[in-house]
Number of protein chains: 2
Amino acid sequence: MMQQKSEPASSEDDDPLFIQSLARGMTVLEAFRQAEGPLSLAQIAARTGLTRSAAQRLVHTFRKLGYLTLSEDGRGFRLDLPILDLTHDYLRLNPLVRRASPVLLELRRNVRERVDLSLFDGRRMVYAARMQSKRETFFATLVGNSVPTACTSGGWAVLAMLPEAEVDAILDDHPIPQITPRTLTDPAAIRGQIALTRENGHALAIEQILMGEVALGVAIPDADGRPIAAIHIAASLSEWAPEDFRRRVAPLAAEAVRSILPG
Amino acid sequence: MMQQKSEPASSEDDDPLFIQSLARGMTVLEAFRQAEGPLSLAQIAARTGLTRSAAQRLVHTFRKLGYLTLSEDGRGFRLDLPILDLTHDYLRLNPLVRRASPVLLELRRNVRERVDLSLFDGRRMVYAARMQSKRETFFATLVGNSVPTACTSGGWAVLAMLPEAEVDAILDDHPIPQITPRTLTDPAAIRGQIALTRENGHALAIEQILMGEVALGVAIPDADGRPIAAIHIAASLSEWAPEDFRRRVAPLAAEAVRSILPG
DNA sequence: GCACTTGTATCGGACAGCAATACAGCATGT
DNA sequence: ACATGCTGTATTGCTGTCCGATACAAGTGC
């Protein structure tokens with residue numbers, strides 16, 4: 001094997017404050033990201049690059065702490081409930097989520113369509129909160145679900161507030177996945193949408209993530225003007241013509257963002 | 001102070017598979033449970049019983065991994081976005097949540113009121129999913145939020161399926177908090193509700209968590225017949241007389257649970 | 001300007017955690 | 001029925017990771 005021990009260049013090495021065991025432990029939890037079901041020790045070891053022994057010890061520890069559990073068939077492990085406690089603490093203590101929640105609720109009352117809050121992590125848009133409407137599409141979009149920034153109305157809105165260089169970095173990062181037949185995957189086309197968004201102050205995405213759905217997104221900047229999140233409002237194309245939807249919803253969404261802002 | 005180092009009796013000691021650093025790390029994340037805002041190193045150290053040095057190293061590591069971040073004023077730390085990735089993986093991979101989601105959606109379409117799924121962890125009911133209705137009460141109930149088992153309709157339904165001894169353990173554990181003026185805090189009164197629930201197959205809770213709200217809960221057992229979760233349906237007392245609500249909703253909820261069950 | 005925060009950095013010794021290895025139980029396929 | 005792969009579990013002696021006291025720079029509020 002003989003991996004060169006000398007090239008990390010980044011950080012993990014020779015950082016006297018860095019606790020290896022903890023980092024290894026977190027990679028175990030992260031291993032479930034690409035999983036489709038329970039993971040065995042061997043699978044965890046493979047995904048994390050750890051020894052089976054290491055995986056065993058880490059998993060053992062997580063089990064004692066409650067974060068992992070032996071799956072019902074005894075042939076693997078799954079994340080367990082205490083994870084949700086962390087979720088709750090994160091959402092509860094996040095200042096943006098705190099400020100946005102009542103506003104989103106009010107917004108949903110007015111537009112009577114689904115309202116989402118997603119957070120920008122520099123790469124993806126991660127759903128943090130959802131206010132549903134009556135007719136519902138998919139449950140699939142759970143808290144913590146994430147989609148590429150380039151594929152959602154909120155992502156476009158965020159991109160429109162970023163300097164060109166960062167937009168390039170994100171668009172050129174990975175190829176953009178084709179989620180629906182109408183998802184724009186050509187960076188140039190997306191740049192076009194971004195330009196439109198800059199003019200309008202909001203983005204309108206038609207069937208980018210789900211066929212039959214139109215979504216309007218507005219970015220939320222932090223105190224320094226950097227976009228850190230977005231509001232989405234989503235509705236059905238069977239009930240709205242896109243332009244009508246935009247005219248009706250855009251002012252409300254903009255107003256909502258305004259009242260979320262620090263000032 | 002002088003805590004005796006020799007009595008643990010439980011396990012943490014002399015367990016050769018137990019990774020101390022990892023456990024310590026997790027206590028750092030858990031320290032935010034009782035927090036009202038960012039925590040400083042000293043606060044973390046105090047809450048976890050760690051040295052300030054240990055807290056520093058742990059926090060440093062979590063920061064490099066992204067799970068913690070320096071709060072905007074630079075005077076403390078907060079949980080950060082990657083937490084939500086874990087959330088998503090947990091929900092996505094949880095077999096019960098998977099099976100229940102489409103059923104809950106269907107249920108909400110029928111009753112047109114708020115539908116929740118909460119998971120029983122042996123002590124509390126932890127909210128895992130929520131399908132909202134139009135008129136909304138509080139946003140407060142986020143994913144991961146938990147309430148004492150003794151205080152919700154779903155909790156009563158769960159208790160009704162547990163052996164007496166375990167019910168006693170839960171009811172006598174801590175004193176039951178008075179959440180609303182009408183919250184039942186007397187264990188005897190709650191035992192009465194549990195008995196009722198056994199007869200009916202569902203629990204009906206009136207203003208136990210929120211004034212003006214009535215909720216009906218049905219427990220979900222696992223393959224061995226142990227209750228592991230509950231469905232709640234919540235509505236406003238301004239629109240429903242409790243008995244009407246029960247008659248209308250109970251059969252639908254029971255049917256929903258039936259179609260979630262493994263069989 | 002002092003006293004008290006905050007986060008950050010350093011360092012030698014000790015013990016926590018390392019990986020290899022062995023084991024029991026259960027499938028699957030031969 | 002036996003063998004071979006997989007599960008999760010348990011033990012052990014060596015080593016290098018992590019420990020925590022201590023010192024530091026910066027900021028806040030008296």
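Residue numbers begin at 1 in each chain, while the letters A, B, ... track the order of the sequences. Only this structure's heavy atoms are used, side chains among them; waters, hydrogens and symmetry mates stay out.
Using a 4.0 Å cut-off on heavy atoms, the residues of residues 51-59 of chain B that approach DNA chain D are B:Thr51, B:Ser53, B:Ala54, B:Arg57, listed by number. Contacts with DNA chain D (heavy atom under 4.0 Å) in residues 28-44 of chain A: A:Ser40, A:Leu41, A:Ala42, listed by number.
Residues passing the salt bridge (charged side-chain N to carboxylate O under 4.0 Å, His left out) test with A:Arg98: none are found, sequence neighbours excluded. Take A:Arg78 and apply the salt bridge (charged side-chain N to carboxylate O under 4.0 Å, His left out) test, not counting sequence neighbours, and it matches A:Glu72. Applying the salt bridge (charged side-chain N to carboxylate O under 4.0 Å, His left out) criterion to B:Arg198, with sequence neighbours excluded, gives B:Glu164. In this structure A:Asp73 satisfies the side chain to side chain contact (heavy atoms under 4.5 Å, CB included) test together with A:Ser71, A:Arg75, sequence neighbours excluded. For B:His232, the ring pair (Phe, Tyr, Trp, His ring centres under 6.0 Å) criterion is met by B:Tyr127, not counting sequence neighbours. The salt bridge (charged side-chain N to carboxylate O under 4.0 Å, His left out) check on A:Arg99 picks up nothing, with sequence neighbours excluded. Every residue was checked against the side-chain hydrogen bond (donor to acceptor under 3.5 Å, both in side chains) condition with A:Arg24, not counting sequence neighbours, and none meets it.
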Pairs under 3.5 Å (N/O, protein and nucleotides 28-30 of chain D):
none

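Relative to the axis of its first five pairs, the axis of the last five pairs of the helix from C:dG7-D:dC24 to C:dT30-D:dA1 sits at 50°, rounded to 10 degrees.
For the pair B:Arg33 and B:Glu30, the salt-bridge criterion is not met [side-chain N within less than 4.0 Å of a carboxylate O]. Ion pairing between a basic and an acidic side chain is recognised when a charged N comes within 4.0 Å of a carboxylate O; B:Lys64 and A:Asp15 show such pairing. B:Arg124 has a carboxylate O that lies under 4.0 Å from a charged side-chain N of A:Asp85, or vice versa, which qualifies the two as a salt bridge.
Nucleotides of DNA chain C with any atom under 4.0 Å from a heavy atom of chain B span, from 5' to 3', C:dT6 to C:dC18.
For A:Gln20, whose side chain is taken as the heavy atoms from C-beta onward, the closest listed nucleotide among D:dG8, D:dC18, D:dG20 is D:dC18.
Nearest-nucleotide positions on DNA chain D place A:Gly74 closer to the 5' end than the other of A:Gly74 and A:Ile19. Place A:Leu22 and B:Leu17 on DNA chain D by their nearest nucleotides, and B:Leu17 ends up nearer the 5' end.
Put simply, the side chain of A:Asn145 does not reach to within 4.5 Å of the side chain of B:Leu84, judged on heavy atoms.
For B:His60 and D:dC18, the NE2 to C1' distance is 13 Å, given to the nearest whole Å. Note: CG (A:Leu68) to C1' (D:dT9) measures 16 Å, nearest angstrom.
Not a single donor-acceptor pair under 3.5 Å links the side chain of A:Asp224 to the backbone N or O of A:Arg226. Not one N or O on the side chain of A:Arg92 forms a donor-acceptor pair closer than 3.5 Å with the backbone of B:Glu36.
A donor and an acceptor atom, one from each side chain of A:Thr27 and A:Thr48, are nowhere located under 3.5 Å apart.
The environment of CZ in A:Arg123 is sparse: at most 12 heavy-atom neighbours from other residues, nucleotides or ligands sit within 6.0 Å.
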